[in-house]
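Residue numbers count from 1 along this sequence.
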Amino acid sequence: MYWDVLTDRSLWLQLGILVAVTLGTYLILSIALRVLSRHFLQRDRKSHSRVFYFASELLRSTSHLLLLAFALMLGLKSVELSPRWEQAMSHGWFIALAFQLALWADHAVQLWTTSLNRDGKARNPVTTTLIGIMVRLVIWTVMLLSILANLGVDITAMIASLGVGGIAIALAVQTLLSDMFASMSIGIDKPFEIGDFVVFGEVAGTIEHIGLKTTRIRALSGEQIVCANAELLAQTLHNYKRMDTRRIVFTFGISPHTPTDKVREVSAQVKNIIDNADKTQFDRAHFFAFNESQLTFEVVHIMQTADYNQYMDVQQEINLQLLQSLRDMDVHLAFPIRRVEFNGGSLPEIQVAGVPQTARPASRSSAG
């Protein structure tokens with residue numbers, strides 16, 4: 001029997017055809033993919049579009065094992081097979097094609113996330129990576145379910161069980177999932193980015209890292225503050241990095257004994273000082289109110305930069321020039337004054353070295 005098999009010329013002929021077709025098809029497909037990949041790579045160098053680069057990388061990522069499987073099935077098509085093998089081949093075609101499509105889609109998602117992070121287009125790399133992982137998970141899940149359905153497996157119960165299991169897992173890690181979706185929201189909505197100076201609650205600092213669960217902030221005092229993403233988004237946050245201008249309001253007071261004409265002149269002097277200052281624009285300066293022991297002026301100017309140090313430099317120069325201008329006008333800045341009066345009766349006695357003394361009347365006392 002074995003001798004008959006070994007001497008069966010038709011069997012060896014069929015086997016030779018199978019090997020020849022398989023190897024020939026594999027070589028042709030490999031060479032074609034390599035030529036196309038190089039062609040797309042050359043087109044990418046000549047054009048500014050990244051489509052050719054992605055196409056070249058996808059072709060290079062083609063699995064050689066799956067390519068050999070395709071070639072083998074083409075070789076099996078060229079020989080005579082039993083109906084049972086024909087049915088198995090139909091499933092094999094679908095499995096190989098599903099795997100290859102999933103590999104291409106998976107590699108395309110990886111190229112997309114890598115290019116965004118490398119080129120700096122992704123303002124939140126963690127969110128980009130998280131989206132990439134979720135998309136890749138969906139790709140491989142769909143591939144697995146489609147293969148099982150093609151093999152005749154009832155996937156309805158499996159999908160239902162996956163749904164129940166997903167709900168149980170979600171309830172168990174709801175805090176983690178809340179922070180993960182908050183991280184995704186930060187990446188999509190972009191309320192702040194790495195390098196922004198933010199203030200919320202009692203925290204003020206620069207965003208250093210936006211993670212999957214937490215955001216790290218470098219405080220002004222030097223320490224690092226770690227805040228959960230969900231908790232961070234639940235608060236009102238001030239982003240000073242995106243502030244183009246800064247509205248400055250400050251007040252000062254002059255003596256209530258200042259003549260009216262000089263009070264009028266003070267506003268004009270303040271306007272002149274701010275107009276000559278750099279990086280700021282005068283808005284208004286008014287005699288604002290009669291306060292205790294002073295005539296209060298309110299001044300508003302608009303800084304044309306958001307830099308806090310530059311604002312302090314400009315404000316210091318305005319204050320110095322205002323001080324000198326008031327001295328030149330012989331206008332005095334106001335200081336708190338307290339007046340004490342004694343009405344009727346005798347003055348209280350005080351003990352000095354055990355001898356009773358009568359206190360001298362004090363008409364006024366001042367503190368400033």
Side-chain angles (χ1 to χ4, degrees), residues 18 21-34 36-37 40 50-116 127-173 176-177 180-181 184 187-188 212:
L18 174 62
V21 173
T22 300
L23 293 178
T25 304
Y26 176 76
L27 289 176
I28 292 173
L29 290 176
S30 299
I31 294 172
L33 289 175
R34 191 177 305 171
L36 284 175
S37 177
F40 287 142
R50 304 291 289 175
V51 175
F52 295 109
Y53 170 76
F54 286 154
S56 174
E57 289 296 320
L58 288 180
L59 291 178
R60 289 177 58 185
S61 67
T62 303
S63 172
H64 289 278
L65 182 61
L66 292 177
L67 200 63
L68 181 61
F70 275 111
L72 177 61
M73 283 183 285
L74 285 175
L76 291 173
K77 280 287 186 179
S78 62
V79 297
E80 295 182 2
L81 297 173
S82 63
R84 185 180 61 181
W85 281 97
E86 291 287 344
Q87 184 179 3
M89 279 184 59
S90 64
H91 293 308
W93 280 105
F94 185 84
I95 293 173
L97 181 61
F99 263 106
Q100 187 56 65
L101 291 176
L103 285 173
W104 278 338
D106 181 89
H107 195 67
V109 173
Q110 292 185 56
L111 287 174
W112 173 69
T113 56
T114 303
S115 63
L116 287 180
T127 303
T128 307
T129 304
L130 179 62
I131 294 175
I133 293 174
M134 295 177 63
V135 173
R136 292 170 62 191
L137 183 62
V138 170
I139 290 172
W140 287 105
T141 303
V142 171
M143 184 273 298
L144 179 61
L145 292 177
S146 62
I147 290 177
L148 292 176
N150 183 263
L151 293 175
V153 178
D154 185 11
I155 62 173
T156 304
M158 184 180 297
I159 294 176
S161 62
L162 287 176
V164 174
I167 294 174
I169 294 174
L171 291 175
V173 294
L176 177 61
L177 290 177
M180 289 174 60
F181 282 106
M184 187 182 301
I188 296 174
L212 193 62

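Of the listed residues (T141, I139, V135), just one forms a side-chain contact (heavy atoms from CB on, under 4.5 Å) with L137, and that residue is T141.
Taking CH2 from W140 and CG from L145, the interatomic distance works out to 13.5 Å, rounded to the nearest 0.5 Å. The line from CG of D106 to CG of L111 is 9.5 Å long, rounded to the nearest 0.5 Å. We find the CG-CD1 distance between L23 and I28 to be 11.0 Å, quoted to the nearest 0.5 Å.
Between A98 and M143, the closest heavy-atom pair is O-CG, 3.5 Å.
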